[in-house]
Trainee: 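This structure is in structure tokens; I'll ask about it shortly.
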Amino acid sequence: MSEPTAAGSPSPEVPAKSMEQIVSLCRRRGFVFQSSEIYGGINGFWDYGPLGTELKRNLKNAWWQDVVQRELIGPTGDAVDIVGLDCTIIMNPKVWQASGHVGGFNDPMVDCRASKARYRADHLVVLGSIAAGSRLWAFVEGDDAARTKATKALCKYEKCDAPDPARHVLRPFTAITADERARTIGPDADEPGSLTEPRMFNLMFETHCGAVRDEDSKAYLRPETAQGIFVNFQNVVDSTRVKVPFGIAQVGKAFRNEVTPRNFTFRSREFEQMEIEFFIHPSEANQWYAWWRDWRFSWWQSIGLTSSNLQLREHDRDELAHYAKEGAGTSDIEYRFPFTAPGFGELEGVAHRADFDLRAHATHSGKNDKAKYFDQARNERYFPHVIEPSAGADRGTLALLCEAYTPDPSRPSGVFMRFHPRMAPVKAGIFPLVNKEGMPEIGEKLFRTLRKKHVVEFDEKQSIGKRYARMDEAGTPFCITIDSETLSSQTVTVRHRDTQQQEKLGIEQVPAWLDRQIGLED
RNA sequence: GCGGGAGUAGCUCAAUGGCAGAGCAGCUGCCUUCCAAGCAGCAGGUUGCGGGUUCGAGUCCCGUCUCCCGCUCCA
């Protein structure tokens with residue numbers, strides 16, 4: 001009996017994968033559709049078809065099983081304690097003030113009509129004379145080259161050797177008047193007046209609770225699932241017997257009103273996250289951060305992302321988020337998608353968020369030090385630090401699709417989907433070789449048996465080759481054929497998707513055999 | 001948000017301003033003893049959507065939506 005044929009690196013001689021072809025297959029076979037397509041679609045929203053729904057569900061179930069339900073041994077040799085949570089999408093708006101999303105997601109932006117560039121208004125500063133009618137130069141704060149360039153232009157215009165601090169001042173762009181803005185030359189412009197007024201691009205979706213639509217009833221769709229976990233931290237501690245170190249896991253939808261949704265499902269306005277907030281004593285941050293980073297990376301490999309298209313990348317200090325500057329670090333688990341190649345796109349971020357969130361909610365809720373966690377073993381009261389492995393379910397599903405897509409000109413289908421058996425939407429196809437001699441009846445009986453535990457398909461129509469080809473495009477790892485030998489010696493023929501090779505198996509052994517292939521216990 | 005390209009059956013594509021078609025896929029039946037075979041049949045469309053010009057628009061014009069590429073954005 002051969003070993004399971006898990007997904008692996010495509011051999012170097014296979015043709016390159018094109019995103020256009022992957023999108024086409026997703027649509028043709030029912031993995032992913034455009035949302036509300038019959039009305040022309042809607043930018044940034046995607047639906048999963050029957051096969052795609054199974055695939056994404058397999059991904060989320062595997063994550064939940066491996067993170068919450070199954071035993072996971074941590075860096076100290078002890079089992080890692082993680083409990084589940086399922087929070088609402090709409091929460092008290094104060095949550096988003098405390099988290100910094102109201103503000104961070106409300107940045108005013110400035111467009112340049114001449115250069116077509118866009119800048120964050122609060123990043124721009126303006127250099128020039130305060131005298132009426134004189135020219136001003138804008139540049140991005142901290143850009144020394146731009147500052148030098150603006151200074152030179154100013155000196156030439158004002159006919160002086162160096163700026164006079166009494167007259168030539170540096171002011172934030174947001175502080176100048178409309179008249180002054182009309183006299184300002186943009187960072188990448190040659191003439192004044194090309195910069196627009198600062199405009200809001202709010203990335204949080206807004207709604208209203210109740211019938212009255214006013215400022216007081218305004219609410220937001222959550223832009224991340226993490227905050228629901230933080231605001232429930234105390235509830236979980238009080239209602240369960242968890243002790244630090246422990247984690248809280250959540251899978252759920254989040255919404256961001258992205259300026260430019262792009263690249264198929266990679267950047268959508270509605271998406272699903274799989275997040276863990278793991279709470280630790282501050283002294284153990286480095287150990288847990290490194291362990292989570294490495295375990296999460298190996299987890300993605302275990303479900304089929306085994307090629308060099310998966311990488312782990314530690315962030316540089318200067319790209320760290322505001323809450324992570326002093327921490328143990330942040331890293332991204334990245335996949336080389338066809339549309340990012342030769343670069344990579346983020347699948348999951350593992351971040352040491354320190355105590356930023358718990359502390360912020362303690363302050364904003366007025367609970368302050370009463371929100372601290374009491375550690376009995378250490379006899380110490382503190383805000384636990386957090387290691388956050390935050391993964392995108394839709395991005396993970398897309399990576400599985402891209403990784404699985406394997407052109408093979410020698411096959412009738414021209415392509416097959418090389419999903420890991422655990423991820424495959426359909427685990428097996430059951431086919432009578434011909435539609436007579438009692439084969440359909442035997443096949444249907446086997447189908448009913450396997451169906452109790454697995455998604456399997458039964459198909460008695462058309463030629464066997466056509467049925468294999470269809471299963472290749474759906475990514476079904478095994479096809480089980482009832483043939484004349486089944487009638488004489490109770491064996492079936494198993495055809496393996498990746499190698500197209502066949503093996504004989506006693507029909508009674510099939511259920512246990514299939515469990516093993518998919519990674520379930522006997 | 002800016003610039004460029006595209007949109008006709010599920011897919012790949014035809015149709016000079018003049019009857020919207022083909023191949024493949026799908027479905028039904030026959031056939032078929034291992035890789036999209038064959039035969040017969042069926043179904044599939046307000047040509048992305050909305051206006052306009054015209055006796056007549058898939059085709060010309062305007063608007064709009066969506067997708068792709070390049071910018072921008074992505075705490």
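Only heavy atoms go into these numbers, but all of them, side chains included; no hydrogens, no water, no symmetry mates. A, B, ... follow the sequence lines: proteins, then strands. Residue 1 opens every chain.
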Trainee: Side chain of His101(A) only, heavy atoms from C-beta on: which candidate in A36(B), C35(B), A75(B) is closest?
Mentor: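 Closest of the options to the side chain of His101(A): A75(B).
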Trainee: Taking the side chain as C-beta and beyond, is there a heavy-atom pair between Leu398(A) and Met19(A) under 4.5 Å?
Mentor: yes
Trainee: Is it the case that Glu403(A) and His420(A) place a side-chain donor and acceptor less than 3.5 Å from each other?
Mentor: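 No, no side-chain donor-acceptor contact under 3.5 Å.
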Trainee: Taking only N and O in the side chain of Gln462(A), is any of them less than 4.0 Å away from OP1 or OP2 of C27(B)?
Mentor: yes
Trainee: Using heavy-atom distances to pick each residue's nearest nucleotide on RNA chain B, tell me which of Lys461(A) and Asp483(A) is more 5'.
Mentor: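 It is Lys461(A), whose closest nucleotide lies nearer the 5' terminus.
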Trainee: What is the distance, to the nearest angstrom, from the CD atom on Gln97(A) to the P atom on A75(B)?
Mentor: 21 Å
Trainee: In whole angstrom, what separates Asp459(A)'s CG from C27(B)'s C1'?
Mentor: 12 Å
Trainee: Distance check needed: C34(B) P versus Glu485(A) CD, whole Å only.
Mentor: 11 Å
Trainee: Which part of the nucleic acid does Asn435(A) contact within heavy-atom distance under 4.0 Å: base, sugar-phosphate only, or nothing?
Mentor: base
Trainee: Between Val125(A) and Arg171(A), is there a side-chain heavy-atom distance shorter than 4.5 Å?
Mentor: no
Trainee: Is NZ or CZ of Arg395(A) both nearer than 6.0 Å to the six-membered ring centre of Tyr335(A) and within 45° of the ring axis?
Mentor: no
Trainee: From the set U33(B), A36(B), C35(B), return the single nucleotide nearest to any side-chain atom of Gln500(A).
Mentor: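 It is C35(B).
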Trainee: Can you tell me the Watson-Crick or wobble partner of U66(B), both distances under 3.5 angstrom?
Mentor: A6(B)
Trainee: Determine which nucleotide pairs with C31(B), using a 3.5 Å limit on both distances of a Watson-Crick or G-U wobble pair.
Mentor: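 Across all strands, not a single nucleotide pairs with C31(B).
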Trainee: Counting Watson-Crick and G-U wobble pairs only, both distances under 3.5 Å, name the nucleotide matched with U54(B), or none.
Mentor: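 Here U54(B) is not engaged in any pair, so there is no nucleotide opposite it.
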Trainee: Do Leu446(A) and Ile482(A) touch side chain to side chain, with heavy atoms closer than 4.5 Å?
Mentor: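 Yes. Closest side-chain heavy atoms under 4.5 Å.
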Trainee: How far does the P atom of G50(B) sit from the matching atom of A9(B), given to the nearest Å?
Mentor: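 Per the computed distance, 16 Å lies between those P atoms.
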Trainee: Watson-Crick or G-U wobble partner for C13(B), using a 3.5 Å limit on both distances?
Mentor: G21(B)
Trainee: Can you tell me the distance, in whole Å, between the CZ atom of Arg470(A) and the P atom of G10(B)?
Mentor: 18 Å
Trainee: Between Arg29(A) and A25(B), does any side-chain N or O lie under 4.0 Å from OP1 or OP2?
Mentor: no
Trainee: Can Arg313(A) be said to sit on top of Phe344(A)'s aromatic six-ring, NZ or CZ under 6.0 Å from centre and within 45° of the ring axis?
Mentor: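 No.
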Trainee: Can you say whether a donor on the side chain of Ser24(A) sits under 3.5 Å from an acceptor on the base of C11(B), or the other way round?
Mentor: no
Trainee: Considering only atom P, compute the distance from C49(B) to A37(B) and round it to an integer number of Å.
Mentor: 34 Å
Trainee: Please pick, from G10(B), A36(B), C69(B), the nucleotide with the shortest atom-to-atom distance to any side-chain atom of Arg28(A).
Mentor: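 Minimum distance to the Arg28(A) side chain belongs to G10(B).
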Trainee: Under 4.0 Å from OP1 or OP2 of A36(B): is there any side-chain N or O of Ser413(A) that close?
Mentor: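 Indeed not, no polar side-chain atom of Ser413(A) lies that close.
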Trainee: If I pick the C1' atom on U64(B) and the same atom on A22(B), what distance separates them, to the nearest angstrom?
Mentor: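 The same atom, C1', in both gives a distance of 32 Å.
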Trainee: For G26(B), which nucleotide in any strand shown is its Watson-Crick or wobble partner with both distances under 3.5 Å?
Mentor: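 In the structure as shown, G26(B) has C42(B) as its Watson-Crick or wobble partner.
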Trainee: How long is the line joining CZ of Arg256(A) and C1' of A75(B), in whole Å?
Mentor: 8 Å
Trainee: Side chain of Gln502(A) only, please: which of C67(B), C35(B), C2(B) is the nearest?
Mentor: C35(B)
Trainee: May I ask you to say what Glu224(A) touches in the nucleic acid, namely base, sugar-phosphate or nothing, with a heavy-atom cut-off under 4.0 Å?
Mentor: base
Trainee: From the list A75(B), C67(B), G26(B), which nucleotide is the closest neighbour of the side chain of Asn43(A)?
Mentor: C67(B)
Trainee: Return whichever of Gly465(A) or Arg27(A) has its heavy-atom-nearest nucleotide of RNA chain B closer to the 5' end.
Mentor: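 Taking each residue's closest nucleotide, the earlier one in sequence belongs to Arg27(A).
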Trainee: Just the rounded figure in Å: distance from C1' of U28(B) to CD of Glu460(A).
Mentor: 13 Å
Trainee: Is any side-chain N or O of Arg495(A) under 3.5 Å from a base N or O of C34(B), one able to act as donor and the other as acceptor?
Mentor: no
Trainee: Roughly how many Å is it from CD in Glu258(A) to P in U66(B), rounded to a whole number?
Mentor: 15 Å
Trainee: Between G1(B), C27(B), C11(B), which one does the side chain of Arg262(A) approach most closely?
Mentor: G1(B)
Trainee: Pick the C1' atom in G10(B) and in G29(B), then give their distance to the nearest Å.
Mentor: 23 Å
Trainee: Nearest of U66(B), C34(B), C11(B) to any side-chain atom of Gln34(A)?
Mentor: U66(B)
Trainee: Write down the distance separating the P atoms in G17(B) and C24(B), rounded off to the nearest Å.
Mentor: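 Their P atoms lie roughly 29 Å apart.
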Trainee: Has Lys466(A) got a side-chain N or O lying under 4.0 Å from the OP1 or OP2 atom of C34(B)?
Mentor: no
Trainee: On the side chain of Tyr39(A), is there an atom forming a donor-acceptor pair with the base of C65(B) - under 3.5 Å, no angle test?
Mentor: no
Trainee: Taking atom C1' in both U47(B) and U28(B), what distance in whole Å separates the two?
Mentor: 29 Å
Trainee: Rounding to the closest angstrom, what is the interatomic distance between U33(B) and C19(B) at atom P?
Mentor: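 Rounded to whole Å, the distance is 47 Å.
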Trainee: Using atom P of each nucleotide, how far apart are C27(B) and C73(B) to the nearest Å?
Mentor: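 It comes out at 49 Å once rounded to the nearest Å.
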Trainee: Taking atom CD of Glu457(A) and atom CZ of Phe447(A), what is their separation to the nearest 0.5 Å?
Mentor: 8.0 Å
Trainee: Looking at the side chain of Thr260(A), which of G10(B), G1(B), C35(B) is the nearest nucleotide?
Mentor: G1(B)
Trainee: Let me know the distance between CZ of Arg467(A) and P of A37(B), rounded to the nearest Å.
Mentor: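 Rounded to whole Å, this separation is 11 Å.
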Trainee: Within a radius of less than 6.0 Å around CZ of Arg448(A), do more than 12 heavy atoms belonging to other residues, nucleotides or ligands occur?
Mentor: no
Trainee: Which part of the nucleic acid does Phe264(A) contact within heavy-atom distance under 4.0 Å: base, sugar-phosphate only, or nothing?
Mentor: sugar-phosphate
Trainee: Are any of the side-chain heavy atoms of Glu334(A) and Glu348(A) separated by less than 4.5 Å?
Mentor: no
